[in-house]
Amino acid sequence: MLGKLSLADIAYDNPIVIGGVVLMTGAALATLLLISYFRKWPYLWRNWLTSLDHKKIGIMYTVLALVMLLRGFADAIMMRAHQVLAEGANRGFLTPHHYDQIFSAHGTIMIIFMAMPFLSGLTNIIVPLQLGKRDVAFPFLNALSLWLTVAGAMLMMLSLAIGEFSTAGWTGYPPFSEIQYSPGVGIDYWIWALMLSGAGSTMTGINFLSTILLDRAPGMTLMRMPLFSWTALCTSILMTLAFPALTVATGLLALDRYLGMHFFTNAGGGNMMNFVNLFWIWGHPEVYIVILPAFGIFSEVISTFSAKRLFGYRSLVYATIAIALLSFTVWLHHFFTMGASANVNAAFGIATMIIAVPTGVKIFDWLLTMYRGRIRFSVPMLWALAFLPSFAVGGATGVLLAVPPVDFMMHNSEFLVAHFHNMLIPGAMFGYLAGYSYWFPKVFGFSLNEKWGKLAFWNWLVGFYLAFMPLYALGLMGMPRRMQHYDNPEWQPFLLVAAIGALLILIGIGCLGIQLLVSIKNRQTNRDRTGDPWNGRSLEWSTASPPPVYNFAVRPEVKGIDAFWYMKQHPLPATRPPRYQEIVLPRNSGAGVLFGAASLLFGFAMIWHIWWLAMAAGLTMLTIIILRSFDDDTEYRLTAAEIEQMERSRYPTDRPGAET
């Protein structure tokens, strides 16, 4: 009846796992009880869970990212603390099997369930506003993408409590991920979490590709789009093209495990290198999928807080396109050591060096934007300024690793771990946190506390350098990565410094939480009544904070780059239109959240071989989609009178761009 599932699959004898389960379950129950106590279930269902409003979907994506950041960072803290204690006769506090699960979960969570939802959340909220649109191209598909991602994240969380997670690393290389070497359910959790979230990410890419290319505001040509929208466009192309490769790789691995096929078993006529190629054909574009939106955020922030138009706008656009194209030409540098010919390695090494050129162009453009600018050192700008030198260090080590002989020596060492984090933490995480603090007042109508934001920033920055710079030294000293135990006492001091750095980052995360609570408490004092707290330059700042459900009562007419800045420099004699027109908006639908719940049950049933539940969940998913396709009542209309009433309540006084 329950397939392979039994009470023995709950790790009662592991106090660390049980502690994590109790903490996670307690937090979930406390949240549910508070919602029930304040009778907010109808409100949540009507206004959030069933919403097709791109802004609310973006907020839910961001909440998911922050929750998974806590889980993923808990794994990082445990790894760092364990390595400090695992030298010589000391064995640390994690068993080898548990340690392998933790580093596998950490990588999977941070890439798939923290970075991807964070970028999807910011893209959802801001891109339609920047382009003068009222919603994304396919609102229901947007909700479906969110709930598939949530389902994948829930499977990750369930793996902590029921069964185990993969021990094959976040890359899941065969043959270790094949059934012969990993007969448990850990690899299956990994496969289905990636399959569900990957499907959601593919649909997000298609959705935003259509959103950006079709029906922008009048006058908003491609070469007038803000840089964040440009990076979102290139990211959407990468997501649409790259994620199917991951789906194919994990799907074929699932067939190997479930049906005894041999796509990746050499002894059975397959080729395990096919998996590695498929994985990194997705995996290297994925690096730029998570970094390019951050580049767009830095462009917006640096321009706004320097009070200058971006230097070299066109070169930034062309550099973004070049990075997107070149990202598909460098995947083999992830396995220089796996037997390709010298000529192949040389070709991919050269391509890897070339991709550093457009990134360098961007850095010089940002520096020249700040040159002679009136720089304000607010929290978003601090994140951008910290990114520049930090990312340059990571890029330099990347060019070093692009040399195949060097990579042969460094590939399996802590040097590579340092480089990878040196790219993604400043390159992606600093960008997302800059965007979070930059657009927060636009989304919620009040500003974040600057004092706690700066405390969070400095703890993150100092913690980052302490946590990862010692790993470069450890790599040069010969320490392999993924070590659960080591016998060289010379490594321990560096690992201790790295653990202190991780602790500082934890304090930085805590400061972010306190900042949010303090800001909510003082929200009336910090209320943004202008819609433009930073003296912004792009269209999202031309509407109210928070924006109305329809975004723009009258779609703005764009006459140049930095559209809202142009409006402020050339104000119209009268800002109110003679009359409004009705607006058609997507009606809320529970089909997305129900489909996500059914997909969660389907994934769980496939993991544990509960075939009757898998069939029932699969039929439920199919039924939901069929019923949705026959639903003709998917939109509602706001009348001109309703819009006029809402606009008058929002804009008691006229200001340039207020009605656009």
Side-chain angles (χ1 to χ4, degrees), residues 51-66 68 108-131 133 135-154 193-215 228-248 250 282-283 285-297 324 327 428 431-432 435 586 589 591-593 595-596 599-600 621 625 628:
S51 177
L52 300 189
D53 183 348
H54 69 94
K55 299 177 290 295
K56 290 184 176 179
I57 288 175
I59 292 169
M60 289 188 282
Y61 263 123
T62 306
V63 170
L64 173 64
L66 294 175
M68 297 309 287
T108 305
I109 288 170
M110 289 305 208
I111 296 293
I112 303 296
F113 297 111
M114 189 282 294
M116 289 300 299
F118 217 150
L119 77 88
S120 295
L122 294 174
T123 302
N124 257 289
I125 295 166
I126 299 303
V127 165
L129 292 170
Q130 285 195 336
L131 300 182
K133 297 172 70 75
D135 212 316
V136 297
F138 307 111
F140 176 69
L141 193 68
N142 202 21
L144 207 61
S145 303
L146 166 68
W147 294 113
L148 281 170
T149 305
V150 171
M154 289 296 294
L194 263 62
M195 291 273 273
L196 294 178
S197 62
S201 296
T202 303
M203 290 190 289
T204 297
I206 295 169
N207 201 351
F208 275 92
L209 187 58
S210 304
T211 298
I212 296 169
L213 291 179
L214 302 176
D215 191 33
F228 181 69
S229 293
W230 258 110
T231 56
L233 173 61
C234 292
T235 296
S236 300
I237 294 171
L238 294 180
M239 290 168 71
T240 304
L241 296 177
F243 266 91
L246 177 66
T247 302
V248 169
T250 51
W282 162 80
E286 169 66 6
V287 172
Y288 292 100
I289 286 170
V290 299
I291 283 179
L292 282 179
F295 284 179
I297 294 168
S327 69
Y432 301 157
S589 172
V593 65
F595 188 92
S599 67
L600 171 61
M621 294 161 68
I625 293 301
R628 170 69 188 184

With sequence neighbours excluded, tell me which residues meet side chain to side chain contact (heavy atoms under 4.5 Å, CB included) with [X].
X      : value
Ser145 : Tyr61, Met203, Thr204
Pro244 : Thr202
Ala199 : Leu148
Leu241 : Ile237, Phe328

Problem set entry | Non-hydrogen side-chain atoms of Leu144 and Ile625 separated by less than 4.5 Å | yes

Problem set entry | Flag side-chain contact, heavy atom, 4.5 Å: Pro128 against Asp135 | no

[X]: which residues meet the ring-ring contact (aromatic ring centres under 6.0 Å, His included) condition with it, sequence neighbours left out?
X      : result
Phe295 : Trp366, Phe387, Phe391
Trp147 : none
Phe595 : none

Residues 205-213, side-chain donor-acceptor partners within the protein, below 3.5 Å, at least two apart:
| residue | atom | partner | partner atom | Å |
| --- | --- | --- | --- | --- |
| Asn207 | OD1 | Phe138 | N | 3.0 |
| Asn207 | ND2 | Phe138 | O | 2.9 |
| Ser210 | OG | Ile206 | O | 3.0 |
| Thr211 | OG1 | Ala137 | N | 2.8 |
| Thr211 | OG1 | Asn207 | O | 2.8 |

Seminar exercise, completed: Residue set satisfying salt bridge (charged side-chain N to carboxylate O under 4.0 Å, His left out) with Lys55, at least two apart, ordered chain then number -> Asp53

Exercise. Residues two or more places apart in sequence or in another chain: which of them pass side chain to side chain donor-acceptor pair (under 3.5 Å) with Thr247?
Worked result: none

Problem set entry | Results of side chain to side chain donor-acceptor pair (under 3.5 Å) for Glu286 - residues two or more places apart only | none

Exercise. Got a second to check how far Met60's CE is from Thr149's OG1, nearest 0.5 Å?
Worked result: 11.5 Å

Could you tabulate the donor-acceptor pairs under 3.5 Å formed by side-chain atoms of residues 108-123, not counting sequence neighbours?
| residue | atom | partner | partner atom | Å |
| --- | --- | --- | --- | --- |
| Thr108 | OG1 | Ser104 | O | 2.9 |
| Ser120 | OG | Met116 | O | 3.0 |
| Thr123 | OG1 | Leu119 | O | 2.7 |

For this session: Look only at the side chain of Tyr288 and the backbone of Cys234, and say whether a donor-acceptor pair between them is shorter than 3.5 Å.
Result: no

